[in-house]
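Whatever order the structure lists ligands and atoms in, that order sets their numbers, starting from 1. Positions are given from 1, in the same order as the sequence printed here. Values in this document were obtained by computation on a predicted structure and should not be read as measured data.
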Amino acid sequence: MREIARFQCPACGTAYPADRPIWRCDCGGHLNLELELGLRRADIDAADASLWRYRAALALKAPPRVTLGEGWTPLVTRHWGDVAVQFKLESQMPTGSFKDRGTAVMLNHLLEVGVGPIHEDSSGNAGSSIATYAAAAGLRCRIYVPAAAPRGKIVQIAASGAELRTIPGTRQAVTEAALAAVGESFYASHNWHPFFIEGTKTLAYELWEQLGFAVPDNILVPTGYGSNILGLDRGFDELTRRGEISRRPRLFAVQAENCAALAAA
Ligand SMILES: [Zn+2]
């Protein structure tokens with residue numbers, strides 16, 4: 001059994017052992033999971049065709065209690081004009097999005113530290129992912145979604161058995177509703193909880209292994225709030241510090257023209 005990991009608040013410096021369900025600092029700041037050592041290629045569990053093949057790199061105490069076989073998605077080569085480009089098919093996940101990496105690791109951490117009912121706010125994919133894994137774990141779950149969220153995602157969330165709250169107005173109004181519910185159940189937020197990034201980092205490990213323990217020059221990452229690109233950065237950082245790679249790929253955050261908040265900022 002490994003040592004208990006620690007959360008640290010970059011705003012005020014307070015540290016917390018990751019042995020309880022918390023999602024932000026008492027000062028209101030976000031928490032980071034302290035840096036970890038990562039793994040050597042000999043630590044990979046090659047018999048496991050899921051992200052749990054990298055369990056040695058994850059800050060969890062025990063084997064996962066809930067898994068739906070997430071991760072180890074295909075990496076395929078296609079030509080874009082004259083250029084060979086590789087596509088990582090993250091839609092080949094249990095609920096259809098990359099969010100399952102973060103959800104699976106975050107929920108297994110929360111189960112380890114004794115979480116009760118949870119809630120989350122999402123415009124679609126994260127809500128579907130968390131609702132599905134909560135169902136698999138037997139946790140009560142409520143998801144706040146924008147009234148204008150895609151119908152298919154709303155149906156997917158409801159089909160998992162989660163309680164659905166549709167909120168009119170902006171995406172921010174949905175987050176406000178989830179924040180107002182913090183006293184009722186645990187806010188298992190994919191945008192706040194550090195263990196979500198701990199899960200998305202396995203994308204870096206997978207790319208490295210699937211490329212024959214090498215890294216690409218450049219990675220273009222579709223980016224909303226940033227959990228995928230933050231996870232890639234964390235994963236490649238660990239591989240560098242472990243001495244498994246000697247250079248890091250350049251990461252490019254790419255946003256859709258009609259929803260480019262980071263680019264605008
Ligand atoms: Zn703080």
Side-chain angles (χ1 to χ4, degrees), residues 1-38 57-62 99 101-123 126-127 129-130 133-134 139 141-144 167 170-204 221 223-238 240-241 251 253 261-262 264-265:
M1 198 175 266
R2 58 191 291 163
E3 276 178 44
I4 293 168
R6 296 201 320 160
F7 298 129
Q8 196 139 37
C9 172
C12 74
T14 305
Y16 303 83
D19 61 355
R20 64 202 74 175
I22 53 173
W23 57 277
R24 72 174 169 188
C25 182
D26 288 341
C27 82
H30 75 272
L31 295 171
N32 292 327
L33 190 59
E34 278 185 343
L35 290 176
E36 289 163 86
L37 257 186
L58 299 173
L60 294 170
K61 287 183 288 179
K99 295 282 195 335
R101 290 186 190 277
T103 301
V105 172
M106 178 180 76
L107 262 201
N108 276 291
H109 161 70
L110 290 174
L111 289 168
E112 280 187 352
V113 297
V115 80
I118 61 172
H119 70 275
E120 154 78 317
D121 60 304
S122 161
S123 52
S129 181
I130 287 175
Y133 280 82
L139 287 178
C141 177
R142 189 179 339 110
I143 307 288
Y144 294 83
I167 306 295
T170 62
R171 178 66 181 82
Q172 186 57 31
V174 185
T175 298
E176 298 297 333
L179 286 169
V182 158
E184 299 167 39
S185 51
F186 182 75
Y187 186 24
S189 168
H190 69 289
N191 289 328
W192 279 91
H193 204 288
F195 269 82
F196 199 88
I197 306 294
E198 183 70 352
T200 58
K201 83 178 184 187
T202 59
L203 178 57
V221 192
T223 301
Y225 223 93
S227 59
N228 222 1
I229 198 163
L230 291 171
L232 282 170
D233 183 67
R234 185 174 176 88
F236 288 124
D237 184 46
E238 289 178 359
T240 305
R241 284 184 296 109
L251 303 178
L262 296 179

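Within the model, atoms OG of S129 and CG of L107 stand 8.0 Å from one another, a figure rounded to the nearest 0.5 Å.
For the residue pair N32 and P194, the shortest heavy atom distance occurs at C-CB, 4.2 Å.
Of the possible polar contacts, none joining the E198 side chain to the G102 backbone as a donor-acceptor pair under 3.5 Å is found.
Under 2.8 Å from the Zn ion (ligand 1), one finds the following protein N/O/S atoms: C9 SG, C12 SG, C25 SG, C27 SG.
Between H119 and Y144, the ring planes are perpendicular. Angles over 60° get that label, and only those under 30° would be called parallel. Ring pair W23/Y187 is perpendicular by interplanar angle, where above 60° counts as perpendicular and below 30° as parallel.
Between E36 and R241 no salt bridge is recorded (no basic side-chain N to carboxylate O distance below 4.0 Å).
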